[in-house]
Amino acid sequence: MTKEEVAAHLELIGTLMELRGDDAFRTKAYHGAARTIEQLEGDFDTLIATGKLAKVRGIGETLREVILSLAKTGTADVLEELRAVTPPGLIAMLRIPGLGPKKVRALNTSLGIDSLETLRVACIGGKVAGLKGFGEKTQQKILDGLTFIESVGERVRIDQSLPLGLMLLERIRALPGVLRAELCGSLRRRRETSKDIDLLVAAEDSAPIMQAFCTLPEVRHIVGQGETKSSIVAEWVTHGHRITLGADLRVVKPDQFASALVHFTGSKEHNIRLRQLATDRGWKLNEYELAGPNSRVACETEADLYAALGLDWIAPELREDTGEIEAATQHALPKLVEASDIRGVFHNHTTYSDGVNTLEEMALAAKALGFEYLGIGDHSQSLTVARGLSPERVRHQIAEIDRLNQQLDGFRILKGIECDILKNGDLDYDDDLLAELDYVVISVHTYFDLPIEEQTARICKALRHPATTMLGHATGRLLLRRDGYKVNLDEVLQTAAEHRKMIEINAQPSRLDLDWIYVKRAKALGIPLVINPDAHSTDELALFRYGVNVARRGWLTPQNVFNTLPLPAILQSLRIPA
DNA sequence: GCCGTTTTCGGCCCGACTGTTTTCAGTCG
C-alpha cells in the first residue's frame, strides 16, 4: 500500500471505532496517525524498512504494527474485526449534519438502520422521533440533511468558495456596527478545497449583525442562529455554475478579535499546539483571550498573540502543524513567495492547440498582468484530441513568436512546448526539434492506468532526457473528481533533483498539482518549482495566484520559485540568446 | 492509543449551539 492508502485506512479504522463506541482518545490516536502518515516527508517504503516509524510523534507500538500490516498486506486484524461488526452504510450516515457516531450507533442498535435509504424510511415513518435522545426536530433535521447531502458535494474547490467567501465578507463589512471582519478557516489558509466558509466579525452589539447575516440574499436556509454564532447555507450562481456552500459567522467583542481570528483560522491541529504552549506557561487560550490566572494578555493583532507565546507571526497558509510552531520558536520561518514576485509564466496554450486565444492575444494579456515574459507550451503531436502540433506547426509557431518579439517592447514570448511523455518514456518529438525550443515541459496525458513501477519509470526516463526543462502536473489529479495516476512521487522528485530538472506547480484550481505536501519535499531536495497557470485563455493567466497559494503552503520563498526571476536571469538560466 | 524533567498512570483543547432534557449529551469546528 502507498502512504496515502495507509492513511486512508487508518482514518477508516478510527471512524469504525467511533461507531463501535470505543474510547474517544483511542479513536483520536488513529485519526491523528492518519494525518501524520499522510504528511510524512520522505520515502514511505524507506521509512518502514529502516524502522524509523517508531520515532514519529503520535505513533507508538500498536499503531506501528497496524501501519506495517497495512503497508505489507493491505489490511490489518483490527480493521477486519471492525468491518465484521459494522455495516458499511453507517459511514455514509455520518455525512448528515448533526449525526455523529453516537447517534448513528443508536439508530443502528435500536432500529436496525444500516443505510441512508433505511434511515429515510424510518424518518418518514416517524420511528426515529420516538427514540430516546431523539425527537421530532431531530427527525426532521435528518430528513433535511438527507436532501442536503444529495444536492451538495462534501467540499468545493477554492476557485468556487473563495469568490463566494469574499463576496459575503464585503457584504458583512458594509453592515453598520461591524468594526473588523475577516475570512477564517480553510479559506484563509488557502486550502485547495473547502467544506464551508468561516467569517469573523468584531462588533459591540452582535444581534443586528446576526439578523442581517441570516437575511442576506444568498441565504438559502438557516441552519442555526445564536447570539454569537450563526450558520447558513448560501447559494450563488457564477459563470453558469450554482455553488451551494455552508457559511458560519461568529461575532466577538473588539478586544477578542485577535484571539478569535487565530482560533477560527485554525487549523485545529495548529490551535491544539498553541493551547499546549499556553498551558505550559500556566495560561489558557481560547477564542476570547490569552490569559494567565490573574490577568489577560492584551492582543491587538495576531502577531501580539503569537509573540506572547514566544513565536513569530505565522502566515495562515502554514498553520497545519507541520513544523511551523518549531520554526516560529526559532525565528526560522521562511519569507514566503507572493503573487507580486511572479515575473512571468510558462506552460500556456493558444489557438495553435486547444487554447481559445491567439498567441498575440495571450502575450498582450500577460503583459497587461505586469509579466515580463510569457512561455508558450502548446500540446505536442501525439495528443491529437487537443490538436497537438506537428513539427511543421511547431516551426511555424517559432517563426511567429520571433516576429511578435520584434514588435513587443519590453516583453518576451518564450518558445516552449508541453511535450507528451510517450508510453515508454520517450518524448514526442525528435531531439533536433526539441533543441530549437527555449524550454520543454513534459506531461503525462495518456496511459493513466499503468502499474506504479511502470508509470514511475516512464516519467523518470522522460525527466532524464537532456531536452527536458520541467515536469508538468506531476500526478494528473483532478480535485474532487479523479485521483492522480499511481506514481512514486518520492522517486520522481529524487530523479528531478539528480538531473537538475524543475517541477511545475500547476495552478489550475482543478489540479493544484504538485500537492503542497510534496512541494515542501521538493524544496527540501533543492528542486526549483515553477508556478504555471496552464492557461487556455487570456482570463486563465490570472489563475497563477492559486499556484502561489500552493507554493506558500509548501513553505516556498521567492528563491525557490523559478519564475520569480527577471527576464535576463531566465534567459541566462535557459541558455537562450538575448 | 500515546506520552513522559509533575513519567508507567492518568491525563489527553475548548466552547457554542441544539434538542431533549430538567442538568446534559451529542455534534461541530
Side-chain angles (χ1 to χ4, degrees), chain A residues 10 13-14 17-36 53-67 76 78 93-107 128-142 144-145 184-189 191 194-200 206 210 222-232 246-252 256 259-260 262-280 282-291 319 321:
Chain A
L10 289 172
I13 293 171
M17 281 177 162
E18 284 173 348
L19 288 168
R20 191 169 66 180
D22 283 15
D23 173 66
F25 292 109
R26 187 174 184 228
T27 63
K28 215 175 74 172
Y30 278 85
H31 289 300
R35 197 179 151 277
T36 303
L53 212 49
K55 294 209 176 93
V56 178
R57 181 163 60 110
I59 295 173
E61 186 59 26
T62 307
L63 271 161
R64 194 178 63 89
E65 293 297 331
V66 173
I67 291 165
V78 59
M93 288 163 64
L94 290 172
R95 287 177 53 205
I96 296 169
L99 276 194
K102 299 266 168 51
K103 284 210 166 86
V104 168
R105 188 170 141 80
L107 287 166
V128 170
L131 220 54
K132 183 173 164 20
F134 292 72
E136 284 292 339
K137 284 196 173 176
T138 305
Q139 179 170 277
Q140 187 55 46
K141 217 176 155 187
I142 292 173
D144 291 346
C184 300
S186 59
L187 272 181
R188 183 159 181 248
R189 302 200 312 279
R191 271 195 62 175
S194 330
K195 196 155 63 75
D196 59 15
I197 294 167
D198 293 299
L199 295 151
L200 176 67
S206 68
M210 282 303 174
I222 299 167
V223 182
Q225 185 175 357
E227 266 184 45
T228 65
K229 177 185 173 179
S230 293
S231 298
I232 57 133
D248 293 341
L249 173 68
R250 293 287 292 244
V251 181
V252 298
Q256 299 167 333
S259 51
V262 169
H263 179 88
F264 293 114
T265 298
S267 64
K268 195 172 78 176
E269 291 78 8
H270 178 86
N271 286 351
I272 287 171
R273 294 291 307 280
L274 290 185
R275 285 211 194 85
Q276 284 166 347
L277 284 181
T279 308
D280 291 346
W283 299 342
K284 66 163 183 169
L285 172 63
N286 56 33
E287 56 259 64
Y288 303 117
E289 60 182 1
L290 174 62
R319 301 183 193 173
D321 188 23

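Chain identifiers are assigned alphabetically (A, B, ...) following the order of the sequence lines, protein sequences preceding nucleic acid strands; residue numbering begins at 1 within each chain. Predicted model only: the values in this text are computed from it and were never measured.
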Whole angstrom value for the distance that separates [atom2] of [N] from [atom1] of [X]:
X	N	atom1	atom2	answer
A/N271	B/dG15	CG	P	13 Å
A/I142	B/dT18	CD1	C1'	13 Å
A/I59	B/dG1	CD1	C1'	12 Å
A/E227	B/dG15	CD	P	17 Å
A/D280	B/dC12	CG	P	13 Å
A/K28	B/dC3	NZ	C1'	12 Å
A/R64	B/dC2	CZ	P	11 Å
A/Q139	B/dG19	CD	P	14 Å

Any residue meeting side chain to side chain contact (heavy atoms under 4.5 Å, CB included) with [X], in chain and number order, not counting sequence neighbours:
X	value
A/K28	A/F25
A/V66	A/L10, A/I13, A/Y30, A/L70, A/A76, A/V78
A/K229	A/S231, A/R250
A/A278	A/W283, A/L285, A/L290, A/L309

Short side-chain N/O contact to [N] OP1/OP2 from [X], under 4.0 Å:
X	N	result
A/T138	B/dT18	no
A/T228	B/dC17	yes
A/Y288	B/dC14	no

In whole angstrom, give me the gap between the [atom1] atoms of [N] and [M].
N	M	atom1	value
B/dG11	B/dT6	C1'	11 Å
B/dG15	B/dC9	C1'	28 Å
B/dG29	B/dT23	C1'	24 Å
B/dC3	B/dT8	P	16 Å
B/dT21	B/dC14	P	30 Å
B/dG19	B/dC12	C1'	28 Å
B/dT20	B/dC28	P	15 Å

So if I define the base as every atom that isn't primed, P, OP1 or OP2, how would nucleotides 23-29 of chain B read as a B/S/- string at a heavy-atom cutoff under 4.0 Å? ---SSSS
Would you check if A/F134 stacks with the base of B/dT20, given a 5.5 Å centroid limit and a 30° plane limit, both strict? no
Who pairs with A/D248 by salt bridge (Lys or Arg N to Asp or Glu O under 4.0 Å), at least two apart in sequence or on another chain? none
Against the side chain of A/K284, the closest entry in B/dA16, B/dC12, B/dG15 is B/dG15
Both distances under 3.5 Å, Watson-Crick or G-U wobble: report the partner of B/dG19, or none.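 With both distances under 3.5 Å, B/dG19 matches B/dC24.
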I want to confirm an ordering. Mapping A/M210 and A/G135 to their closest nucleotides on DNA chain B, which one lands closer to the 5' end? A/M210
Close side-chain approach of A/N286 and A/H263, heavy atoms under 4.5 Å: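 A/N286 vs A/H263: side chains apart.
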Do A/M93 and A/K103 come within less than 4.5 Å of each other through their side chains, counting heavy atoms only?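 The answer is no; the side chains never approach within 4.5 Å.
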Surrounding CD of A/E65 (heavy atoms of other residues, nucleotides or ligands, distance under 6.0 Å), is the total greater than 12? yes
